[in-house]
Amino acid sequence: MQDRSNKLFYWAIAALSCFLWACENTSSTSAEETYFSLERYFEKEIQRLDREQPQVEKTVMKNDQQEHRSMNGLDWKTELKVFLNSDINKPAWRDSYKVDSSGSGLRYQALEPDLKVRSIHISREPTGQVTGIEIRRSEDNYLFTSEETFRYYPDSLYSIERHQDVRVLGPDRFRITGSFH
């Protein structure tokens, strides 16, 4: 009798574990399916670019100063970090963006004024392959206002632009552009 109750106990634990695993996977999958996963997309791009190590013509501009370099062996996780950090696939933001999937892409527009990521536009070919991503972020508080635009075109170009106005220091403009060769 003891063996039978032990087997029943283990079966119950196994069934409960499977149920909890299924619930956990369902909730994370539905959160990922709510919006296009920038995090997943850019993690794959980082792996690909780390493998291929393309040459990049990189221009950095701060206000009126500009520097230009040809570079190999970039740390792509660092280069594309702002794109990764702009992912809106968070359960708390499930209904925070208006989604427009008409035409050849996806457009997400923030519905709440407090959200830093204001819009994301993903251009795609009919096959679903991404041809471009544009992200607009903004922040406005007592100390500063900031507007950022990030653009990424696979195997072509990426750019990061930031316009910031710090109340006591004044305006500041910053831009990084990388052209793939």
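- In this structure, R40 does not pair ionically with E43, as no charged nitrogen and carboxylate oxygen lie closer than 4.0 Å.
- P54 is linked by a side-chain contact (heavy atoms from CB on, under 4.5 Å) to L49, E52, W76, F180, counting only residues two or more places apart in sequence or in another chain.
- Applying the side-chain hydrogen bond (donor to acceptor under 3.5 Å, both in side chains) test to E112 and every residue at least two apart in sequence or in another chain returns S96.
- Between E148 and S146 the shortest side-chain heavy-atom distance falls below 4.5 Å.
- To the nearest 0.5 Å, atoms CG (L115) and CZ (R137) are separated by 11.0 Å.
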Legend entry - Check against side chain to side chain contact (heavy atoms under 4.5 Å, CB included), E161 and E147: CA-CA 8 Å; E161 295 180 42; E147 294 202 13; over 6 Å; no
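- Between the side chain of Y97 and the backbone N or O of V117, at least one donor-acceptor pair lies under 3.5 Å.
- Under the 4.5 Å side-chain heavy-atom criterion for Ile, Leu, Val, Met, Phe, Trp and Tyr, V60 and L80 are members of the same hydrophobic cluster.
- Of all heavy-atom pairs between V130 and P154, the closest is O-CG, 3.6 Å.
- Summarising the local packing, CG of D95 is surrounded by 12 or fewer heavy atoms from other residues, nucleotides or ligands at distances under 6.0 Å.
- Once rounded to the nearest 0.5 Å, the distance linking NE2 of H68 with CE of M71 reads 11.0 Å.
- Checked by atom type, the side-chain pair Y152/E134 shows no donor-acceptor distance below 3.5 Å.
- Annotation: side chain of L157 is in contact with side chain of T177 (closest heavy-atom distance under 4.5 Å).
- For the pair D172 and R167, the salt-bridge criterion is not met [side-chain N within less than 4.0 Å of a carboxylate O].
- One finds no salt bridge joining E67 and K62 here, because no Lys/Arg side-chain nitrogen approaches an Asp/Glu carboxylate oxygen to under 4.0 Å.
- Distance CZ/R136 to CZ/F150: 11.0 Å, rounded to 0.5 Å.
- Rounded to the nearest 0.5 Å, atoms OG (S37) and CD1 (I88) are 10.0 Å apart.
- Minimum heavy-atom separation, D87 to W93: O-CZ3, 3.8 Å.
- With no hydrogens or angles considered, a side-chain donor-acceptor pair links S70 and Q55 at under 3.5 Å.
- Under 3.5 Å, the side chains of E79 and Y158 contain a donor-acceptor pair of N or O atoms.
- A continuous path of hydrophobic side-chain contacts links V99 to Y41 [ILVMFWY only; heavy atoms under 4.5 Å].
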Inset, instruction - Check the pair S119, Y108 against side chain to side chain contact (heavy atoms under 4.5 Å, CB included), reporting the backbone distance first and the verdict last. - result: CA-CA 5 Å; S119 68; Y108 301 100; over 6 Å; no
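- For the pair K58 and I176, the minimum side-chain heavy-atom distance is below 4.5 Å.
- Counting heavy atoms from C-beta on, the side chains of K98 and R107 never come closer than 4.5 Å.
- The closest donor-acceptor contact from the side chain of Q53 to the backbone of D50 lies under 3.5 Å.
- The minimum heavy-atom distance linking I120 with S86 is given by the pair CD1-O, 3.9 Å.
- The local environment of CD in Q66 is crowded, with over 12 non-hydrogen atoms from other residues, nucleotides or ligands closer than 6.0 Å.
- In terms of hydrophobic clustering, with Ile, Leu, Val, Met, Phe, Trp and Tyr side chains grouped at heavy-atom distances under 4.5 Å, V56 and F174 are assigned to a common cluster.
- Side-chain N or O atoms of T131 include one that pairs as donor or acceptor with a backbone N or O of S123 at under 3.5 Å.
- Side-chain atoms of N63 come within 3.5 Å of backbone atoms of R173 as a donor-acceptor pair (strictly under, hydrogens ignored).
- From I133, atom CD1 reaches atom CZ of F83 across 8.0 Å, with rounding to the nearest 0.5 Å.
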Legend entry - CA sep, side-chain torsions, deciding dist, call: D165, H163, side chain to side chain contact (heavy atoms under 4.5 Å, CB included): CA-CA 7 Å; D165 190 2; H163 305 275; over 6 Å; no
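- Under a 3.5 Å cut-off, the side chain of N89 and the backbone N or O of Y35 do form a donor-acceptor pair.
- Rounding to the nearest 0.5 angstrom, the gap separating the CG atom in D140 from the NZ atom in K116 is 12.0 Å.
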